[in-house]
Amino acid sequence: MIVSEKPTNFIRSKIADQIKQGQIQEIITRFPPEPNGYLHVGHAKSICLNFGLAEEFGGRCNLRFDDTNPEKESQEYIDAIEADVRWLGFEWAELCHTADYFDQLFDWALHLIRNGDAYVDEQSAEEMRANRGTLTEPGIDSPYRDRSPEENEALFLKMRDGELPEGAAILRAKISMSAPNVNLRDPALYRIRHISHPRAGDRWCIYPTYDYAHGQSDAIEGITHSLCTLEFEDHRPLYEWLLKKLPVPSRPKQTEFSRLELEGTVTSKRKLNALVQEGHVSGWDDPRMPTIAGMRRRGYSPEGIRLFCERIGVTRKPNTIELQILEGSIRDDLEGRAHKAMAVLDPLKVIVTNWDQAPLELDVPWHPKRPELGSRTMVFGRELYIDRSDFELEPPEGFFRLVPGGSVRLKYGFIVDFEDVIIDADGRVSEVHVRYDPETRSGQDQSGRKVKGTIHWVHAESANEVDVRMYDRLFTVPDPGNYDDPGSVINPESLVHGKAMVEPALGQLMPDAYFQFERVGFFKQDPESRDGQMIYNRSVTLKDAWAKKK
RNA sequence: UGGGGUGUGGCCAAGUGGUUAAGGCAGCGGGUUUUGAUCCCGCCAUUCGUAGGUUCGAAUCCUACCACCCCAGCCA
């Protein structure tokens, strides 16, 4: 619900400038995930950038599955990625697959071979590694480097026709084995993999590498701005070399930006996958996961995530974003979006001793500032629950909730005055007796009384008991990404199961609604909820100046 | 010790030779409040990795140095 002016960044300024100069008419971007895992918050940054730029400048953005490596890819991931991008609020101009360009890519490989720009190498992977040299020493030419174009073509055809086993040969670009940039030391273009492809099926047994496929795919789609993260910067000379050598229909430009580093989270698909496989989380959509699916299930809104992406900016600097920026963005969005209701997580029984009448039904708006969200019915009566933390026998300085001899307002109900407290055998407060002041009913209070505190409550008899899942950071360290095995630093309290007594309306399924439990936090019904068996996931707590003060 | 990058307040981030170095987040102080939330107001970098230099004038230009990140997959 936050409307703000979009912050600028170097890519945005560059595009604005290019359009102003008349260098380009329309921009075309693409979001190119590999379908080998679920999308995470780092991808959200890229999605917002690519789709956001296209939207802003009246251009287009494609969703392209960069499916060049069938070993790790699957339809499950493809489906999840499409759903996640849509859920974030973006629609692609075209749905593309690198696999759909395999024929063209193959023809262009032949083009390189015939021009003497690529050759089939039959060294083993180990030999190739050994001959690549090191960061400080040049590599050694392959003994197969100077084959004739005819011989290379014949061999490449054999590769394609399945006549060679995996690892027996690869196609390499013929650039230079002594290039200081190791990505230019005759990089691999095609490898043999006798496995079927999620999209291309069994049509191929050779597959292009990322380096060979990406730029040409961009060119086929007419991408004007190919945005990627900084680790691909060293690949740009290769990206450009290929575009220059090939008769491509357009000349896209690659621009890099730094990837998102989020405090307390890992954003490596390999490590996220390990968390799932090793059972540290319930799945890719576990609400503790920094995946889009996880954040969705936790109750983060798409708008909140987009606000976050806006706030963090886009630069080339290494950065580590504080978790508070994410949580603050979610709170800021949910504040205006959530249905606000009452839930008591740690119930303490309250008897209103002078309430002898039938329960009173109260019509209470879902949101004090947004009447369009409507209202629901709450019930006030003789037996209530308040949160145990809202009563103190011996209150600390500055405590202004219910105390012996004190008064407090039960929000949307009445002001109540302390009367008595019942202590059980263990010395624990088991019940508090109060008297309500009939003159102080919310909305029609004529009494002129003022109390310092207003607390939330539920009517005992009509309340529903629900499950509550309270989430906290998944790891005990701020930099789990720096650990080889993040599973070893899992926070044992990252998920705490609890119960809550909630007002009647919260016992109903409202799967699309975002909720605020007043004075507690934002919550979302878990998709596993059933009527009579509600489960609420805590998305994020409210800010709590009192807790901080203590 | 090769190549490519990056250094502006606690965390982000504008700024590209000329007003007192934007803004957001966090923090602090105050006001409003039937959520100790929200909302509102105010405060929060004599200084831009360091050291020199050019200039009337530098975060912005030059030189040197320092720190950190990425690259040696038939991953992307």
Side-chain angles (χ1 to χ4, degrees), chain A residues 4-5 7-10 13 32-34 36 66 68-69 71-72 121 123-125 128-129 132-139 166-172 179-185 187-193 206-207 209-211 213-214 228-237 256 258-259 263 269-270 308 310-329 331-332 335-336 340 342 368-369 398-401 408-413 415 440 442-443 445 450-456 516-521 541-549:
Chain A
S4 60
E5 205 170 296
T8 193
N9 62 59
F10 75 102
S13 320
E34 182 189 12
N36 67 342
D66 210 352
T68 58
N69 183 1
E71 273 176 292
K72 303 177 184 171
D121 195 344
Q123 292 182 106
S124 67
M128 273 189 59
R129 190 183 331 115
R132 187 156 27 234
T134 69
L135 294 178
T136 53
E137 298 160 315
E166 289 186 12
I170 63 163
L171 184 71
R172 301 178 76 176
N181 178 347
V182 293
N183 292 120
L184 263 20
R185 315 242 260 232
L189 265 26
Y190 266 92
R191 70 287 220 189
I192 301 170
R193 288 290 177 274
I206 56 172
Y207 294 97
T209 59
Y210 162 86
D211 279 321
H214 204 89
C228 63
T229 45
L230 243 26
E231 64 269 28
F232 292 102
E233 190 163 25
D234 291 340
H235 295 242
R236 192 172 65 218
E256 312 84 14
S258 45
R259 54 185 300 152
E263 184 186 88
K269 280 195 223 170
R270 206 198 97 240
F308 167 71
E310 232 167 71
R311 284 184 177 174
I312 60 176
V314 179
T315 66
R316 295 168 62 87
K317 282 193 295 192
N319 63 80
T320 303
I321 307 294
E322 293 176 332
L323 209 55
Q324 289 172 322
I325 298 187
L326 210 210
E327 296 190 337
S329 303
R331 282 192 192 101
D332 286 352
E335 166 56 31
K340 302 188 173 188
M342 310 276 208
K369 293 176 185 167
F399 185 84
F400 48 78
R401 279 110 95 155
V408 74
R409 173 172 288 282
L410 298 178
K411 185 161 182 165
Y412 296 127
I415 290 178
T440 60
S442 280
D445 187 337
K450 291 276 182 235
V451 290
K452 188 75 174 150
T454 298
I455 62 174
H456 58 103
Q516 180 191 103
F517 290 178
E518 298 212 34
R519 303 209 306 132
V520 178
T541 59
L542 255 36
K543 272 203 276 188
D544 189 349
W546 172 244
K548 199 186 294 174
K549 199 169 168 182

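This structure is a prediction, so every number in the text was calculated from the model and none was measured. First the proteins, then the strands, lettered A, B, ... as listed; each starts at 1.
Qualifying salt bridge (charged side-chain N to carboxylate O under 4.0 Å, His left out) partners for A/Arg129, counting only residues two or more places apart in sequence or in other chains: none. For A/Tyr190, the ring-ring contact (aromatic ring centres under 6.0 Å, His included) test picks out A/Phe156, A/Tyr212, with sequence neighbours left out. Remark: A/Glu71 pairs with A/Arg193 by the salt bridge (charged side-chain N to carboxylate O under 4.0 Å, His left out) rule, at least two apart or across chains. Listed by chain and residue number, A/Lys411 satisfy the side-chain hydrogen bond (donor to acceptor under 3.5 Å, both in side chains) test with A/Glu518 (two or more places apart in sequence, or in another chain). With sequence neighbours excluded, the residues forming a side-chain hydrogen bond (donor to acceptor under 3.5 Å, both in side chains) with A/Arg409 are A/Ser442, A/Asp445, listed by chain and number. Residues passing the side-chain hydrogen bond (donor to acceptor under 3.5 Å, both in side chains) test with A/Arg191: none are found, sequence neighbours excluded. Listed by chain and number, the residues in a side-chain hydrogen bond (donor to acceptor under 3.5 Å, both in side chains) with A/Arg519 are A/Asp390 (sequence neighbours excluded). With sequence neighbours excluded, the residues forming a ring-ring contact (aromatic ring centres under 6.0 Å, His included) with A/His214 are A/Tyr210, listed by chain and number. A/Lys340 pairs by the salt bridge (charged side-chain N to carboxylate O under 4.0 Å, His left out) definition with A/Glu335, not counting sequence neighbours.
Under 4.0 Å is where a charged nitrogen must lie from a carboxylate oxygen, and between A/Lys269 and A/Glu34 no such pair does.
The separation of B/U50 from B/A59, taken at their P atoms, amounts to 11 Å, rounded to a whole angstrom.
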(request) Treat primed atoms plus P, OP1 and OP2 as sugar-phosphate and everything else as base, then score nucleotides 24-31 of chain B 5' to 3': B for base contact with protein heavy atoms under 4.0 Å, S for sugar-phosphate contact only, - for none. (result) BSSSS---
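Considering only side-chain atoms of A/Leu135, the nucleotide from B/U35, B/C71, B/G5 that sits closest is B/C71. Which of B/C71, B/C75, B/A76 sits closest to the side chain of A/Val182 comes down to B/C71.
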Set out, line by line, the N/O atom pairs under 3.5 Å between protein and nucleotides 67-70 of chain B.
none

(message) Both atom distances under 3.5 Å, Watson-Crick or G-U wobble: I'd like the secondary structure of RNA chain B as a dot-bracket string, with | for pairs made across strands.
(response) .(((((((.[[[..)..(....]]].(((((.......))))).....[[[[[..)....]]]]])))))).....
